[in-house]
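Structure first, then comments.
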2 protein chains.
Amino acid sequence: MTTAQRSTVQGTAVRDALAAQDGFRSAQDVYAQLRADGHKIGLSTVYRHLQAFTERGVADAIHNPDGETTYRFCGEAHTSHHHHLVCRSCGRAEEVEGRAVERWAEEIATKYGFTAVNHTLEVFGICPACVSVGPESDAAPVG
Amino acid sequence: MTTAQRSTVQGTAVRDALAAQDGFRSAQDVYAQLRADGHKIGLSTVYRHLQAFTERGVADAIHNPDGETTYRFCGEAHTSHHHHLVCRSCGRAEEVEGRAVERWAEEIATKYGFTAVNHTLEVFGICPACVSVGPESDAAPVG
DNA sequence: GTATTTGCAAATCGTTTGCGGCTTG
DNA sequence: CAAGCCGCAAACGATTTGCAAATAC
C-alpha cells in the first residue's frame with residue numbers, strides 16, 4: 001500500500017507542466033503543452049500521472065460543465081476539503097472554503113436520513129482579468 | 001423559438017419511462033428500460049428526447065461523480081434553480097433548495113470580482129431505504 | 001538484475017451525427 | 001403533401017488498457 005513510485009523524467013515533467021499553470025487543465029491540455037515544450041511523452045503517461053497526483057492529493061480534479069476532467073496543481077498534499085471558484089475563460093481558480101455549505105449539506109442529508117454523504121460543488125464565472133480583456137480570451141477554456 | 005415539436009409514440013415513451021422512475025437515470029438506462037418493456041426505439045432517439053426535455057425544463061440533468069449524465073423527470077416545467085440529494089445506490093433524489101448556498105456562491109464570486117457566475121452542486125449519499133436493505137442494492141447505480 | 005514505467009496502438013464508453021425512410025399534422 | 005421524427009450505423013472525443021521495450025534503483 002505504501003507504494004512509493006519511482007521518480008522519472010516524465011513524472012517530473014507532468015508535475016512541472018501542471019505547476020506552471022495556475023488554473024485547471026485537462027489531461028489533453030497538459031499533454032499538448034508538454035509536446036509543445038519539446039517533451040517526448042505519451043498521452044497515457046500524462047493521464048496516469050495526473051490521476052496519481054489526484055490520489056495523492058498533489059492535485060485537485062474537477063469535472064467542468066462539459067464533463068471533461070480538469071486538474072490543478074496543489075503544492076503540498078493537503079487533504080482538507082475545499083472547493084473552487086473557476087474562471088470559465090482562462091481556467092484560473094481561487095481555492096475557497098465553504099464551511100456554510102458543508103454544514104448545509106450535512107443538514108439536509110440528516111434531515112432526509114441519508115448517510116455516507118459527500119458532495120460536488122464548483123463555482124464557475126469570469127474572472128476580472130478576463131472581463132477587462134473582453135469576452136474573447138482563450139488561454140485555457142474550462143467551460 | 002416557440003418550437004412546438006410533434007407528439008410521437010417514442011417521445012411519449014421516453015417521457016413515461018423517465019416519469020416512471022423517481023430517480024436520476026442515464027440515457028442508457030432509460031433506453032434499456034424501454035427495450036426491456038418491449039418498445040421499439042433507438043438509443044439516439046432517447047438521447048435526443050432526454051436533451052430536449054432538459055432544455056424545456058421538463059427534466060433535470062446532472063453529471064454523477066463518474067461523469068455520466070443522468071436525467072430525472074420534473075413534471076411541470078419549472079425554471080427555479082435547485083439542487084438534489086441523490087441516492088448513490090438507487091438513484092432516488094430529493095429536490096432541495098439552497099438559498100444559503102446560492103447566497104454563499106454569490107458572495108465569494110463578488111469578493112473575487114467574478115462575473116457571469118453559476119455553479120454546480122449535488123449531494124450524494126445513501127438513502128434510508130437502501131441502508132436498511134444493506135450495501136447490496138442495485139436498482140439504479142448513480143455513482 | 002528486476003520490478004516499474006513508458007508509449008503506442010487498439011479497445012472502451014458515453015454521446016453525437018449523417019441520412020434515407022417512416023410519421024405526423 | 002411537406003415538415004419533422006426515427007433508427008441504424010458510422011463518427012467522435014475523452015479516457016483506459018495490453019504489452020513489449022526502456023529505465024530506475
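The analysis underlying the following values was restricted to heavy atoms, covering all of them including side chains, and did not include hydrogens, waters or symmetry mates. In this text, all values refer to a predicted model and were calculated from it rather than measured experimentally.
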- Message: Quiz question: by atom type and distance under 3.5 Å, do the side chains of B:Glu102 and B:His119 form a donor-acceptor pair?
- Response: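 Note: B:Glu102 and B:His119 side chains meet the donor-acceptor criterion.
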
- Item | Side-chain donor-acceptor pair present, B:Gln28, B:Tyr47, cut-off under 3.5 Å |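 Checked: B:Gln28/B:Tyr47 side chains pair up, N/O donor to acceptor below 3.5 Å.
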
Selected nucleotide, minimal atom distance to [X] side chain, candidates [options]:
{"X": "A:Gln28", "options": "C:dT15, D:dT15, C:dC8", "value": "D:dT15"}
{"X": "B:Arg48", "options": "D:dT15, D:dG7, C:dC8", "value": "D:dG7"}
{"X": "A:Gln51", "options": "D:dT16, D:dC5, C:dG18", "value": "D:dT16"}
{"X": "A:Ser44", "options": "C:dC8, C:dT15, D:dA24", "value": "C:dC8"}
{"X": "B:Leu43", "options": "C:dT5, C:dT15, D:dG7", "value": "C:dT15"}

Does [X] make a side-chain N or O approach to OP1 or OP2 of [N] shorter than 4.0 Å?
{"X": "A:Lys40", "N": "C:dC8", "result": "yes"}
{"X": "B:Gln10", "N": "D:dC5", "result": "no"}
{"X": "A:Thr69", "N": "D:dA14", "result": "no"}
{"X": "A:Tyr47", "N": "D:dT16", "result": "no"}
{"X": "A:His49", "N": "C:dT6", "result": "yes"}
{"X": "A:Ser7", "N": "D:dT23", "result": "no"}

[X] [atom1] to [N] [atom2], straight-line distance once rounded to whole Å:
{"X": "B:His39", "N": "D:dG7", "atom1": "NE2", "atom2": "C1'", "value": "15 Å"}
{"X": "A:Phe53", "N": "C:dT5", "atom1": "CZ", "atom2": "P", "value": "12 Å"}
{"X": "B:Phe24", "N": "C:dG14", "atom1": "CZ", "atom2": "C1'", "value": "18 Å"}
{"X": "A:Tyr31", "N": "C:dT6", "atom1": "OH", "atom2": "P", "value": "14 Å"}
{"X": "A:Asp29", "N": "D:dG13", "atom1": "CG", "atom2": "P", "value": "15 Å"}
{"X": "A:Leu50", "N": "D:dA14", "atom1": "CG", "atom2": "C1'", "value": "13 Å"}
{"X": "A:Arg35", "N": "C:dT6", "atom1": "CZ", "atom2": "P", "value": "14 Å"}
{"X": "B:Asp66", "N": "D:dA14", "atom1": "CG", "atom2": "P", "value": "19 Å"}

- Message: Strictly below 4.0 Å, N to O, side chains only: are B:Glu94 and A:Lys111 in salt-bridge contact?
- Response: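 Answer for the salt bridge query: no.
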
- Task: Would you check if the distance from the ring center of B:His84 to the ring center of B:Phe124 is below 6.0 Å?
- Result: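 For B:His84 and B:Phe124, the ring centres are not under 6.0 Å apart.
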
- Under a single-linkage definition using a 4.5 Å side-chain heavy-atom cutoff for Ile, Leu, Val, Met, Phe, Trp and Tyr, are B:Val96 and B:Ile62 assigned to the same hydrophobic cluster?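 No.
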
- Does any donor-acceptor pair link the side chain of B:Arg6 with the base of C:dT23 at a separation under 3.5 Å?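 Side chain to base: pair found, below 3.5 Å.
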
- Donor-acceptor pair under 3.5 Å: do we get one between B:Thr45's side chain and the base of D:dC5?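 There is none.
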
- Query: Which comes earlier along DNA chain C counting from the 5' end, the contact point of A:Gly42 or that of B:Gly67, where each point is its nearest nucleotide?
  - Reply: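 Counting from the 5' end, the first nearest nucleotide belongs to A:Gly42.
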
- To the nearest 0.5 Å, tell me how far B:Arg48 CZ sits from B:Leu50 CG.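 Result: 12.5 Å between the selected atoms.
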
